[in-house]
Amino acid sequence: MNNKFENIIEEFKWREYLKDFTTNADSLLIKEKITCYNGFDPTAKSLHIGNLIPILGLQRLQNHGHTPIVIVGGGTGMIGDPSGKADERKLLSNEQIEENLIGIKSQLEKFLDFENKNNPAKIINNSEWLSKINLIDFLRDTGKFFNLNNMMSKDSVKNRISREEGISFTEFSYQLLQAYDFLYLFENYNCTFQMGGSDQWGNIVAGVDLIRKKNTNINNKAHGITYPLLTTSNGEKFGKSVDGAITLDPEVTIPYKVFQYFYNSSDEEVLKYIKLFTDISFKDYEELKEATLQSPFKRESQHFLSKEITRIIHGDKGMNSALRQTEGLNQGNWKILKEEDYKDLYKGSDENTQLSRKELDSGITLQQISVNYGLCSSLAESKRLILQGGISLNGEKINKIEKIITTNDLKANQILIISKGKKSHKIIKVD
RNA sequence: GCAGGGGUUGGGGAGUGGUUAAACCCACCUGUCUGUAAAACAGGCGCUUUAUGCUUCACAGGUUCGAAUCCUGUCCCCUGCACCA
């Protein structure tokens with residue numbers, strides 16, 4: 001732990017965190033202490049692990065003495081991506097955004113220092129200024145600096161225009177708003193850097209250009225840096241699991257799920273993730289790299305990665321419960337599971353997994369229950385799987401289709417875990 | 001608008017009156033193996049009260065003891081031609 005990086009650029013380079021940056025952004029980050037912002041969409045109640053990349057990026061900037069600003073896009077969130085569908089985009093109410101903002105801030109507090117004297121982090125809602133914009137003023141003072149030809153030539157726009165559905169004016173104007181955000185922060189918070197995913201490059205540059213055009217006397221003062229967007233080796237979006245996004249909120253995504261998500265990283269991506277997410281020492285890293293090459297089956301890297309990330313997000317307590325639940329549920333050592341683990345696992349499972357005592361007492365079969373709770377799609381399927389040995393109850397394979405669930409099968413006197421194969425489990429609570 | 005071809009179980013694609021719940025390939029699921037991997041092998045892949053049971057082959061009717069297969073109508077897709085520019 002605690003590598004000594006001379007500066008943030010050295011650190012970012014080692015972590016392979018940077019995809020692109022504007023000219024001289026690197027030398028400025030070494031020479032000066034700057035203020036950098038990164039925007040987050042407040043549409044969800046909680047941040048998800050994809051956001052961990054910018055969060056840790058800001059954290060590392062702060063560690064090197066730079067000042068991070070988090071913009072929660074209350075204003076831009078209302079404009080947003082209409083994502084191809086004809087559906088009306090739900091406008092978030094101010095109260096809702098305010099609520100999300102509070103939630104997001106409390107999550108960020110674990111990662112960023114808001115109290116620090118020299119370079120305290122800030123979290124700001126851009127509706128503060130965007131909602132006050134006057135249309136005429138905006139078109140005169142800001143719109144004038146945008147050349148339609150340039151806007152149209154942006155890849156993101158070009159792709160949409162060539163498609164049949166086209167692009168709405170609302171979405172088209174999004175880049176102006178994000179550029180305006182940057183300008184506003186530049187002028188009012190002395191913020192000269194914007195960070196974002198590589199898909200944001202166009203929007204970031206738009207802001208940089210706007211600032212340059214509006215401040216002709218200052219030479220090229222605004223900069224942008226981007227981090228690469230992660231996809232898994234299967235080409236899936238990073239951070240999505242079978243049952244939805246992995247969030248940072250333990251009430252929504254229990255630590256066990258975070259752990260499992262990273263434990264299932266492939267050998268190709270696991271080392272990349274370790275560099276990106278953890279504070280591993282060079283020496284340990286080299287050792288793990290070697291271990292993964294020599295004996296990948298030991299999954300040492302996966303183990304290290306998932307353990308570390310779970311700890312970063314949920315602390316030691318969360319990490320320990322994730323380890324215990326993993327040993328119980330995935331390695332078959334059911335004995336070590338505590339009552340709280342069963343409750344935890346239940347919390348982490350889908351909705352509608354309640355079973356009434358009455359139903360239980362009337363004698364329900366395993367076959368039936370595995371269909372009722374979506375483990376199998378039909379009685380025929382569950383029968384087949386049971387006969388093939390694919391269904392287990394609390395970790396024990398059941399081969400008899402006549403098996404009836406009784407109160408003796410309950411764990412912690414109220415939880416029932418049925419599994420299909422090794423990886424899909426349903427946790428059912430009896431009340 | 002005219003002519004021709006076509007719509008089959010997640011995708012591709014056989015099947016032109018009966019033993020066809022429908023070949024085959026892919027995807028997917030389970031088991032064995034394994035590294036909570038990949039590959040390989042085995043089983044499976046409409047539903048159920050497992051029965052010479054039920055519901056399926058674009059949709060609605062009809063012929064027949066019996067239809068995905070034949071007839072009529074409707075909808076949709078592709079390809080030529082025409083019309084309109």
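Proteins come first, then strands; the chains are lettered A, B, ... in the order of their sequence lines, and each starts at number 1.
At B/C28, none of the side-chain N or O atoms of A/Lys420 fall inside 4.0 Å of OP1 or OP2 (strictly under the cut-off). Considering only side-chain N and O atoms, A/Lys422 lies nowhere under 4.0 angstrom from the phosphate OP1 or OP2 of B/G35.
B/G4 and B/C78 make up a base pair, with Watson-Crick or G-U wobble contacts both under 3.5 Å. Of all nucleotides present, none satisfies the Watson-Crick or G-U wobble test against B/U19 with each distance under 3.5 Å. Across every strand in view, B/U72 sits in a pair with B/A60 that passes the Watson-Crick or G-U test at under 3.5 angstrom. Across the strands present, B/G46 finds its partner in B/C54; the criterion is a Watson-Crick or G-U wobble pair with both atom distances under 3.5 angstrom.
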*Which letter, B, S or -, goes with each nucleotide of nucleotides 38-48 of chain B from 5' to 3', with contact meaning a protein heavy atom under 4.0 Å?*
-----BSS-SS
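Distance check on atom C1': B/U9 versus B/C54 gives 16 Å, rounded to whole Å. Nucleotides B/C26 and B/G61, compared at atom C1', are 37 Å apart to the nearest Å.
Residue A/Lys383 is classed as a base contact, given a heavy-atom separation below 4.0 Å to a base. When heavy atoms are screened at a 4.0 angstrom cut-off, A/Ser295 is found touching no nucleic acid atom at all.
Of the candidate nucleotides B/U32, B/U36, B/G35, B/G35 has the atom nearest to the side chain of A/Pro296.
Here A/Glu16 does not pair with A/Lys272 in a salt bridge; the nearest charged N to carboxylate O distance is not below 4.0 Å.
Here A/Gln368 pairs with A/Asn372 under the side-chain hydrogen bond (donor to acceptor under 3.5 Å, both in side chains) rule; sequence neighbours left out.
Legend: side-chain hydrogen bond (donor to acceptor under 3.5 Å, both in side chains) pairs involving residues 390-407 of chain A, not counting sequence neighbours, sorted by first then second residue: A/Lys403-A/Asp409.
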